[in-house]
There are 2 protein chains.
Amino acid sequence: MQVEDTAAAARVREPAMTDVARLAGVSHQTVSRVLNGHPNVREQTRLRVRAAIAELGYRPNRAARTLVTGRSQQIGVVAQNSTLYGPTSMLAAFELAAAAQGFAVSVRRVRVLDRSSIAAAVEHHRDQRVAGIVVIAPTASADEALAEIPADVPLVAVDGDPGRGGALVTVDQEEGAFAATRHLLEAGHQTVWHISGPSDWFDAAGRARGWRRALQEAGAEIPPVSSADWSAASGYRAGQMLARMPDVTAVFAANDHLALGAIRALAERGRRVPRDVSIVGFDDVPEAEFFSPPLTTMRPDFDGVATETLSLLLARIEGESGPSLRTLNPTLIPRESVAAPRD
Amino acid sequence: MQVEDTAAAARVREPAMTDVARLAGVSHQTVSRVLNGHPNVREQTRLRVRAAIAELGYRPNRAARTLVTGRSQQIGVVAQNSTLYGPTSMLAAFELAAAAQGFAVSVRRVRVLDRSSIAAAVEHHRDQRVAGIVVIAPTASADEALAEIPADVPLVAVDGDPGRGGALVTVDQEEGAFAATRHLLEAGHQTVWHISGPSDWFDAAGRARGWRRALQEAGAEIPPVSSADWSAASGYRAGQMLARMPDVTAVFAANDHLALGAIRALAERGRRVPRDVSIVGFDDVPEAEFFSPPLTTMRPDFDGVATETLSLLLARIEGESGPSLRTLNPTLIPRESVAAPRD
DNA sequence: TGCATCAGAGTGAACGCTCACATCTGCCCA
DNA sequence: TGGGCAGATGTGAGCGTTCACTCTGATGCA
């Protein structure tokens, strides 16, 4: 009891740098030097300080550090409140990469990617004096918000408008879609239908562009696009339309979940994949391999996006500026959902 | 050019509270009072201060606030580096709920949920002087790490060991599994097989327990458990085994992706769902409705978990302590993957 | 021998806020 | 008329760092 009281009394204030200094018989500045790996400290002194730190269980106060330096070791991320596979994977990879570089990641989710929500989230991060900001900004409205942010804030956009200035990292949607469509054409299909993602997403727009270009280059007919959101449910609805048209033999879906919904709708009308209709998705969700049939799809390199984003952000924190675009090519993962057309 | 130079020079130092005070003709303390909604400020003064804040584009420095109060308005989250649907959904919901209460969320991902990784992540958050910590701790090893954290740190575990003391919010895995298994028994099946999640996860253990209890209460035979991780791939492997056993007519999979893999394996051996084998999953991933066939599953209330977690954490930040357990029941979502057995 | 140089260490002032307390009004009621 | 009281505001210290200096003694070299 007695002991506990003493301990409690001693813990009223957490040990600070001066406490460590006193115990080690040095000045607070020397403790600071040890902590920050400054070279001009004698080995013996360094050890004494470390021992004092350990003995007191001292932990540096980051708030004080942030106050005086004006920069925290935090990166702010703005993302949409969704469980979509792409953004989620990217976010997880980014958090891991940032932690490895000693940065904490503070995430701010927004319900909708409109101008004011994004702006508010960015403002919040700036209030926190984050070292840099990453915005996962796949829509035009999000991009608008970015345009208004002062250029002196280190900021990297992910999945934004490749045409915009500033720093951007993105999967090469167009190339991926081009490859997917080519893959279907090369299997012998006359043309390829497309189930698109929401039209205000750059990802969706890029994929539609790549699809169209592949058809044009092959001189194939360009069928009308089925527009959808990213969900399996909307893929299902698109699939119901496609299933009614006997001349549809190949479909490129803008993501795997759309493809799943479409496969389901086709199956319900007795059109089997790949015997009657071939289909290619995008994302390579871990389950795609176990769809019925296993889905041919494009695999983006989310780890690569995360790594590039971080390195670009760190460069901007160091003061680099100007436009800077990095794109990563997805890989085709061939499975069983593509076959030659019957005729 | 001249103008820009002046602007740049003025922006060398961001405006602080004293600048606002000077412009408004009040003391810095009055500005502080306005900012914190203190009642004893004349309306006229309040307006003058607000005007000055707007004019200068002043933003409060959170680091300074944290330094003096010793607490930041941040909540630290420790989570595993995965894109598993459950934890991801929960995390997204939590971030939104926390933002609504004015808390920022800092996420620290760990590669593996072992004792030292969790401990390091928690330490990191404590360095940042977070107001509270949430650990998504679905395994026994994570739980061990929690036991070592000083009790004065406001901390809530999610998906941890319901038997442990401390604050915990979790889906009632056992009840959910019980309901899923009952559902299959009531359809007329003699017994129900189980594809389990990884055995060191509490979620998996709880689901296995509920399954077993349902069989026991019904006096049904208890078949051996197929153990798996959470992936569709391992569900597929388990399904390959089950497909070889003609007396298997009903399966409860510990999550939807396991179910997907199992369905695939069964289909490859010509056993159709639900005609030959009925199957129930867990999680209700958005795609489950579009599996072939649409999957009957248990839907946990992730929003509810997030809300409960936040409210429990806020209470602990306010000083409450002692054990506190909140469980939420999942809901059965009947679809087409369950039918009566043929015989 | 004298002086520049440098490693190693210390000193004190910021950083921008909140807290505890002090001060100044004006008003009510004895 | 004056004492008390509450509302409105101001004052100064302190939170725990880092930064820009200063100081000290040893070393090198002309």
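Letters A, B, ... are given to chains in the order of the sequence lines, protein chains preceding strands, and every chain is numbered from 1. Values reported hereafter were calculated over all heavy atoms of this structure, with side chains retained and with hydrogens, waters and symmetry mates removed.
Listed by residue number, His28(B), Gln29(B), Ser32(B) are the residues of residues 23-35 of chain B with a heavy-atom contact under 4.0 Å to DNA chain C. At a non-hydrogen distance threshold of 4.0 Å, Tyr58(B), Pro60(B), Asn61(B), Ala64(B), Arg65(B) from residues 55-66 of chain B come into contact with DNA chain C.
Note that the first and last nucleotides of DNA chain C, 5' to 3', having any atom under 4.0 angstrom from a heavy atom of chain A are dA7(C) to dG16(C).
Remark: the backbone N or O of Val77(B) is paired with a side-chain donor or acceptor of His125(B) at under 3.5 angstrom. Looking only at distances, no side-chain donor or acceptor of Asn36(A) sits under 3.5 Å from a matching main-chain atom of His38(A). Distance alone, capped at 3.5 Å, places no donor-acceptor pair between the Thr30(A) side chain and the Val26(A) backbone.
In this structure, Trp201(A) and Pro138(A) have side chains that are in contact, with non-hydrogen atoms separated by less than 4.5 Å. Within the 4.5 Å cutoff, the side chain of Val156(A) has no heavy atoms near those of the Glu308(A) side chain. Within the 4.5 Å cutoff, side-chain heavy atoms of Pro60(B) are placed close to those of Leu35(B). In this structure the side chain of Val158(A) never reaches within 4.5 angstrom of the side chain of Val135(A), judged on heavy atoms. You'll find the side chain of Leu67(A) reaches within 4.5 Å of the side chain of Asn61(B), heavy atoms only.
A salt bridge links Arg129(B) to Glu14(A): one of the charged nitrogens lies within less than 4.0 Å of a carboxylate oxygen.
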Worked check of side-chain contact (heavy atoms from CB on, under 4.5 Å) between Asp301(A) and Asp303(A):
CA-CA 6 Å; Asp301(A) 178 7; Asp303(A) 282 347; 3.8 Å; yes

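The residue Thr18(A) sits apart from the nucleic acid: no heavy atom pair falls under 4.0 Å.
At its two ends the helix from dT1(C)-dA30(D) to dA30(C)-dT1(D) runs along axes set 50° apart, each axis drawn from five pairs and the angle rounded to 10°.
A close approach under 4.0 Å does not occur between any side-chain nitrogen or oxygen of Thr69(A) and OP1 or OP2 of dC19(D).
Gln29(B) pairs by the side chain to side chain contact (heavy atoms under 4.5 Å, CB included) definition with Ser27(B), Ser32(B), Arg33(B), not counting sequence neighbours. For the side-chain hydrogen bond (donor to acceptor under 3.5 Å, both in side chains) test, residues two or more places apart in sequence or in another chain that qualify with Thr170(B) are Asp159(B).
To the nearest angstrom, C1' of dG10(D) lies 15 Å from CZ of Arg22(B). Counting to the nearest Å, the C1' atom of dA26(D) and the CG atom of Asn40(A) are 14 Å from each other.
Test Gln101(B), Arg326(B), Arg316(B) against Ser311(B) for side chain to side chain donor-acceptor pair (under 3.5 Å) and you get one pass: Arg326(B).
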